[in-house]
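Because only heavy atoms are used, hydrogens play no part in the values below, and waters and symmetry mates are left out as well, while side chains stay in.
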Amino acid sequence: MKKIYLVLFALTMLCTSAMAKNDDPGYDYELSLAKENVAATAGFKVFKVWSYGKKKESITNEIGMRNAIHGLLFKGLAASDSGTQGNVPPIVPEGYESHKEYFDAFFASGEYKQFIQLTSKGAQQAGDVVKLSSKRYMVGLLVQVNVNALRKRMEKDGIAQGVRGIFSR
């Protein structure tokens with residue numbers, strides 16, 4: 001009988017730990033176009049990235065910027081209205097796993113930082129902080145990304161297909 005309780009306890013602990021959310025806020029985010037987007041110059045996009053985590057202090061500017069680049073690469077940025085103005089399709093629609101080693105190195109080395117900047121300089125958290133629950137926060141950062149340069153880099157490295165490659169099929 002003790003063995004049954006021990007097995008049940010072990011299974012319960014295993015299931016509980018598998019269901020628990022990781023404290024790392026990385027890659028738990030949403031992107032939204034900002035009204036300030038009119039100030040963006042050609043080839044750049046200004047938008048807000050909302051990153052989620054258990055502790056507001058753990059959602060740093062660096063995590064927000066990484067999430068913004070990740071979002072443009074794999075999710076794209078939807079237009080705020082029913083039109084397509086402001087819409088940015090994903091640069092790599094095949095997803096992260098299609099070139100996992102490349103993207104692991106790209107994000108770990110911080111290479112993504114050359115394509116992004118915060119629109120407001122400041123403390124570790126320069127953005128909006130919203131408390132969702134006692135154990136969940138979201139931090140919004142307004143960022144500007146050089147989408148054209150990011151796309152060209154992915155094309156040059158053979159990760160994304162350029163417009164010419166699409167039409168030459």
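- With a 4.5 Å cut-off on side-chain heavy atoms, F115 and V147 do not count as touching.
- Taken from CG in L142 to CG in L118, the straight-line distance is 9.0 Å, to the nearest 0.5 Å.
- To the nearest 0.5 Å, atom CZ of residue F74 and atom CD1 of residue I69 are 10.5 Å apart.
- Looking at every heavy atom in both residues, N67 comes nearest to L31 through O-CD2, 4.3 Å.
- Taking both residues in full, the closest heavy atoms of V49 and V143 are given as CG1-CG1, 4.3 Å, listed atom of the first, atom of the second, then distance.
- Interatomic distance, I159 CD1 to F103 CZ, rounded to the nearest 0.5 Å: 5.5 Å.
- Distance check: F44 CZ to Q144 CD gives 5.5 Å after rounding to the nearest 0.5 Å.
- Closest of all the heavy-atom pairs between Y112 and M65 is CE1-C, 4.0 Å.
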Q: Begin from the C-alpha positions of T60 and E62 and carry the test side chain to side chain donor-acceptor pair (under 3.5 Å) through to its verdict.
A: CA-CA 5 Å; T60 62; E62 186 169 330; 5.7 Å; no

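- Using a 4.5 Å heavy-atom threshold, the side chains of V88 and F47 count as separate.
- Here H70 and Y29 bring their ring centres to under 6.0 angstrom of each other.
- Here the CG atom belonging to N146 is positioned 12.5 Å from the CZ atom belonging to R153, to the nearest 0.5 angstrom.
- By the 4.5 Å heavy-atom criterion applied to side chains, H99 and D157 are not counted as neighbours.
- Side-chain N or O atoms of Y137 include none that pairs as donor or acceptor with a backbone N or O of S51 at under 3.5 Å.
- Rounded to the nearest 0.5 angstrom, L73 CG and L150 CG are separated by 5.0 Å.
- Across V92 and A160, no two heavy atoms sit closer than the pair CG2-CB, 4.4 Å.
- Of all non-hydrogen atoms in K56 and V139, the two that sit nearest each other are O-CG2, 4.4 Å.
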